[in-house]
*Asks:* 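Sharing a structure, written as structure tokens. Questions coming.
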Amino acid sequence: MDTEKQQYVTDYVTDFDPRAYMDAFYSHEIKDSGNTVLNVPFLDNLNTTFIEGDIRGQRILDIGSGPCINSVLPAFQRFEEIYLSDLVQSNLRALETWRSGNSTDMLPVIEYFVQSEGISMSVKELNELVRNKISGIFEIDVRRKDLLGDIQIPAVDAIVSSGCLESAAADYESFSNCVRNITPLMKQGGKLVLSTALYQTYYKFGSKVFKTAYLKPEDIRDCLSLCGYEVLYEKQVPKKVKSADGTAYICIVAQKIV
Ligand SMILES: C[S@@+](CC[C@H](N)C(=O)[O-])C[C@H]1O[C@@H](n2cnc3c(N)ncnc32)[C@H](O)[C@@H]1O
């Protein structure tokens, strides 16, 4: 597609369609062989990242969850309370529907996780386990300093965020501001886990094209260091998902030291 001629979406609140997003990235497609495959942008290597970064504690917050729970699957035995958040109300509703047991939308990505990570639990069991650990689902806007508005949650031990900050930001500078804004939500010594698209300018699904901040690994490292973090682990994961021009993403763990 010639993206030059495409109108980028500027408003997530009006243009992000959770159903279309799940269909594009987290639902089964039938391959020619008859096997099924998921597009899954940010999950490969995330479990290893949690292990390598020793990500554990009482509370974890997923920022920019979208309508899905991929980012918190590696947290299932490592945290007691899992919080989900996003800017878009329809994403929050999709998460609430799943949490109340009225949606099977997460089963394909849970199955993908169970199979790829060799988890000794059935898809249903893991679905129930994660569902029961969800302690809150709320609106957040990472571009704002008062990003939670009136909502208050206790400081968390870890934050995970996949594909969100580079979506909310237009460039390196605004990406750094987003990192600065989310940092006070975490305890000192807490760990930030990012699964972030590299070398990407857009992704698209349905009829919409979403612009992203173009980031290189050194941008992310520099930003974390300037925001008071020490990088503990990183791995670049080459992955070309359908419908995006990024060629890789980075899984990075950084500890809040300031
Ligand atoms: C590419 S999706 C990633 C969703 C999910 N984390 C995943 O791994 O598939 C980007 C998400 O960031 C959210 N988002 C965009 N701008 C945001 C903002 N300013 N504050 C919080 N979330 C935002 C969108 O609503 C969307 O759910």
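In each ligand, atom 1 is the first atom listed, and ligand 1 is the first ligand listed. Since the model is a prediction, treat every value here as computed from it, not as a measurement. Note: hydrogens, waters and symmetry copies are ignored here, and every other heavy atom, side chains too, is used.
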*Asks:* With hydrogens left out, which residues have an atom under 4.0 Å from ligand 1, given that only heavy atoms count?
*Replies:* Y12, F16, Y21, Y26, F42, G64, S65, G66, C68, N70, D86, L87, V88, N91, I140, D141, V142, R143, S162, G163, C164, S167, A168, Y203

*Asks:* Hey, are D44 and K239 close enough for a salt bridge, meaning a charged N less than 4.0 Å from a carboxylate O?
*Replies:* yes

*Asks:* With a 4.0 Å cut-off on N to O distance, would you call D141 and R143 a salt bridge?
*Replies:* yes

*Asks:* Side chains of D171 and S174: do they bring a donor and an acceptor to under 3.5 Å?
*Replies:* yes

*Asks:* State whether R99 and E96 are salt-bridged, where the test is any N-O pair (Lys NZ or Arg NE/NH1/NH2 against Asp/Glu carboxylate O) under 4.0 Å.
*Replies:* yes

*Asks:* Any salt bridge linking K191 with D157? Criterion: basic side-chain nitrogen under 4.0 Å from a carboxylate oxygen.
*Replies:* no

*Asks:* Would you kindly say whether S162 and Y249 are connected by a side-chain donor-acceptor distance under 3.5 Å?
*Replies:* no

